[in-house]
Number of protein chains: 2
Amino acid sequence: MLMPVIPLYRTDAVPHPQAQVCVACEVRQAALFGALDDAGLARIHEHIPSTEWAPDAVLWRRGERGSAAYTLRSGIVRFERITSSGERRIVRLAGRGDLIGQQALLGEAYADEAVACTPVRMCRLPAPMIQRMGAEEPALLQELMRRWQRAVDEAEGWLAELTTGPARRRLLRLLDRLAADAEPGALLWMPRRDEIGDMLNMTVETASRVVSQLRREGVLTLQGPRNATVEAAALRAALEAEDAG
Amino acid sequence: MLMPVIPLYRTDAVPHPQAQVCVACEVRQAALFGALDDAGLARIHEHIPSTEWAPDAVLWRRGERGSAAYTLRSGIVRFERITSSGERRIVRLAGRGDLIGQQALLGEAYADEAVACTPVRMCRLPAPMIQRMGAEEPALLQELMRRWQRAVDEAEGWLAELTTGPARRRLLRLLDRLAADAEPGALLWMPRRDEIGDMLNMTVETASRVVSQLRREGVLTLQGPRNATVEAAALRAALEAEDAG
DNA sequence: CGAGCCGTTGAGGGGATTCAAGCTCAGTGG
DNA sequence: CCACTGAGCTTGAATCCCCTCAACGGCTCG
C-alpha cells in the first residue's frame, strides 16, 4: 500500500489560493497579470478582492487619492470631467480587461470622475502590492507602462475620431467602438442620450434625432432602454458613406 | 608653495562628462532626470546627443518604430493624426521639459506623427540606456510612469477644454495654454491658422475671423507671422465672460 | 513677375442649438 | 385604482453659429 507523498521541503511550492484564482481568471490574458507566467502568479500571496457596482455608481471622484488600481472584469466605466465653463465632458470609456485608476500607483489624485455605466465587476490591486511585485518581476512594470501608453492612445484616438465631423458620423463611430468592445454574443450597451451628448459634444436633442434616424434606417435596433443590436453590414456601409463624402 | 592635489585612487569618482552636462541642464528640474540626484546622474556614462530641428521638421511618422525617447529642451512639438475620413487632427502639444516618444521604450510603433512647430532642441535618450538605468534607479521608473500619466491627463484635458463650446471660447483657451507654457519673457508662439483649425476643430476661415476679432479687441497683438503677445488681463476677462455666459 | 502660400473678409446656406411641447414609463401616494 | 410627478426620449419650429464658396492682398521664392 502506498503512503501519501509528504514533501520534506518546499511545501510553499503549492500555489497560493489567490494565485489559483488569478490563473483561472476569465480576463487573465487581457489583464495586467497576463504578463506573468504561472510561476509569477504563484507569488501572489495577497487577497485580491473582487467588487461589484451597480450602474451609475461613482467609483471615485476628481481630486480623490486612491490606494489601488483596478482590473475591469466586466462592464463599462466612463471617465468624465467638468469643463471650466461647467459642462460635463466624457473623455474615455474603459471595458473588459482594462486597467483603471493607475494614478493611485503614483500617489496622484484622480483628475477625472469614474462612473459605472453598466453593472461592473472589478478586482482591486493595492498599490503596495503592485510596487512589491514590480520590483520582483520587471515584466510587470513593462506591462504597466504598456497600459499607460494604451490609455494615451485611447484618449488621442477618441479625440481624433469622436470629435470631428457631423453628428451622424460621430455617432456611427461611437457605435462602431461599442460594438467592437461588446462582450461577444451579448447585446451592446446603449448609452443614455445625454451620455451620448457629453461623449460626442452634441445636445441631447441632436443625439436623439440621430439615434432615431439610424433606427429608421435599420442600422440600430433598441432592445430595451439600455441595450441594442447593430446591423454590422449596415453600420459599415454607413461609415464608409460618411468617410467618402 | 602648494602642489596640485593628485588623487591616488578612485579617479572614477570624477563625474563623467555627460553627467556634468546633465547637472547643468537648463531643464533638468522639469526633465526626466530631475528624479535623479547628482550621484544618480554621475552614472550616466553614455553620450546623450542634443539635436536641433527647424520648424515643420517631421520628428517621426505614424507607424515608425523609434529607438529612443526625447527630452524637449526648447520649442514646441505637435502630435497629429489623420482621421479615418482623411482630416488632420492635432491631438496634443509638447513644450519645454516634456518627455516625448516614450512608446519607443516599449518597442511600440508611434500612433501619431510628431512635427516641430518652432525651432526645437531635444536630447536623445536611447531606449537601452533608460532600461538599464531604470533597473538601477527605481526612482527613474517612477518618474517615467509619472510622465505617462501626465500625457494621459494632457490628452484628456485637451479633449475637455479645447473641443467644447463656441469657436471664440476654444481659441481663448488655447491662447491661455500657450501663454502658460511660453518660455518666460519671450513672445508666445502663434500657430498658423490651419494649425489652429486642426487643433480646435474649426475651418481656417473661422480661425482667422476669431483671431482678427481678438486682435481688434486688444487681447492679442501679432508680432510677425509666427509670434504674438497677449494682454493677460484682457484674456482673463474674455475667458470669464465666456464661462459666465 | 507670375506662382503659390498664407491670411483676411464677404455672402449665402446648412447643420446643430435653442426653445417648446408631448410622449412613455416607473414610482408615489391619495 | 388612478391622478400626480419627474426622468428620459422624441419631435417640431425658429434661430444662429459655423462652414462653404469665393475673391483679394501681402509676401516669399523660383
Side-chain angles (χ1 to χ4, degrees), chain A residues 54-56 78 83 85-90 115 117-118 162-175 189-217 219-228 238 241-242 245, chain B residues 54-56 83 85-90 115 117-118 162-175 189-217 219-228 241-242 245:
Chain A
D56 297 325
R78 67 170 190 260
T83 69
S85 30
E87 299 132 4
R88 179 182 74 162
R89 212 54 231 279
I90 297 175
V115 184
C117 290
T118 66
L162 296 182
T163 69
T164 356
R168 176 187 169 87
R169 181 192 298 168
R170 303 206 298 276
L171 182 55
L172 286 169
R173 287 188 182 156
L174 176 63
L175 289 176
W189 167 62
M190 189 67 200
R192 262 185 280 120
R193 301 298 171 273
D194 67 299
E195 289 175 314
I196 296 180
D198 291 343
M199 285 190 253
L200 303 183
N201 198 17
M202 60 180 77
T203 60
V204 272
E205 293 94 330
T206 302
S208 173
R209 275 183 248 269
V210 180
V211 167
S212 300
Q213 179 62 28
L214 292 181
R215 225 152 35 109
R216 283 188 283 270
E217 294 175 16
V219 175
L220 188 66
T221 312
L222 298 186
Q223 314 279 355
R226 289 285 81 74
N227 291 295
E242 279 295 328
Chain B
D56 296 325
T83 69
S85 30
E87 299 132 7
R88 180 183 72 162
R89 210 55 230 280
I90 297 175
V115 184
C117 289
T118 66
L162 296 183
T163 70
T164 358
R168 177 187 169 87
R169 181 192 297 168
R170 304 206 298 276
L171 182 55
L172 285 169
R173 286 186 183 156
L174 176 62
L175 289 176
W189 167 62
M190 189 68 200
R192 259 184 282 119
R193 302 299 172 271
D194 67 299
E195 289 175 314
I196 296 179
D198 291 342
M199 285 190 251
L200 303 183
N201 199 17
M202 61 180 76
T203 61
V204 273
E205 293 94 332
T206 302
S208 174
R209 276 183 247 270
V210 180
V211 167
S212 298
Q213 179 61 27
L214 292 181
R215 223 148 43 105
R216 283 189 283 269
E217 294 175 16
V219 175
L220 187 65
T221 311
L222 298 186
Q223 312 280 354
R226 290 284 82 76
N227 292 100
E242 280 293 328

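Here is the naming used below: chain letters follow the sequence lines, and residue numbers restart at 1 for every chain.
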(message) For the residue pair A:Arg215 / A:Thr221, report whether a side-chain donor-acceptor contact shorter than 3.5 Å exists.
(response) no
### Message
So A:Arg226, base contact, sugar-phosphate only, or nothing? Heavy-atom distance under 4.0 Å.
### Response
sugar-phosphate
Taking OP1 and OP2 of D:dC19, is either one under 4.0 Å from a side-chain nitrogen or oxygen of B:Thr206? yes
Atom CG of A:Leu200 and atom C1' of C:dA16 are separated, to the nearest Å, by 14 Å
Notebook entry, point to check: A:Thr206 and A:Arg168: side-chain donor and acceptor closer than 3.5 Å?
Noted result: no
Closest of D:dG8, C:dA16, D:dC18 to the A:Arg192 side chain is D:dG8
* To do: Please determine if a side-chain N or O atom of A:Ser208 lies less than 4.0 Å away from the OP1 or OP2 oxygen of D:dT10.
  => yes
Under 4.0 Å between a side-chain N or O of A:Arg209 and OP1 or OP2 of C:dA16? no
Check: Step by step, would you call A:Arg170 with A:Thr163 a side-chain hydrogen bond (donor to acceptor under 3.5 Å, both in side chains)?
Finding: CA-CA 7 Å; A:Arg170 303 206 298 276; A:Thr163 69; over 6 Å; no
From CG of A:Leu171 across to C1' of C:dG15 the rounded distance in Å is 15 Å
>> Closer than 3.5 angstrom, by distance alone: can the side chain of A:Arg226 be matched with the main-chain N or O of A:Met190 as a donor-acceptor pair?
In response: yes
* To do: Taking only the side-chain nitrogens and oxygens of B:Thr203, find out if one of them lies under 4.0 Å from OP1 or OP2 of D:dC19.
  => yes
Considering just the side-chain nitrogens and oxygens of B:Arg216, establish if one lies under 4.0 Å of OP1 or OP2 belonging to C:dT9. yes
From CE of B:Met190 across to P of C:dC6 the rounded distance in Å is 15 Å
Rounded to whole Å, the CZ-C1' distance (B:Arg215 to C:dT8) equals 9 Å
B:Arg169 CZ to C:dT17 P, in whole Å, measures 13 Å
Separation of C:dG7 atom P from B:Leu214 atom CG, nearest Å, is 16 Å
Legend entry - Whether A:Arg88 side chain and A:Gly86 backbone form a donor-acceptor pair below 3.5 Å: no
Separation of D:dT20 atom C1' from B:Asp194 atom CG, nearest Å, is 17 Å
Of the candidates D:dC21, D:dT10, C:dT17, the side chain of B:Glu205 sits closest to D:dC21
Report task. May I ask you to say what A:Ser212 touches in the nucleic acid, namely base, sugar-phosphate or nothing, with a heavy-atom cut-off under 4.0 Å? Result -> sugar-phosphate
Q.
Applying a 4.0 Å non-hydrogen cut-off, can you work out what B:Arg170 is touching in the nucleic acid: base, sugar-phosphate, or nothing?
A. nothing
Whole-Å distance, A:Asp56 CG to D:dA7 C1', equals 12 Å
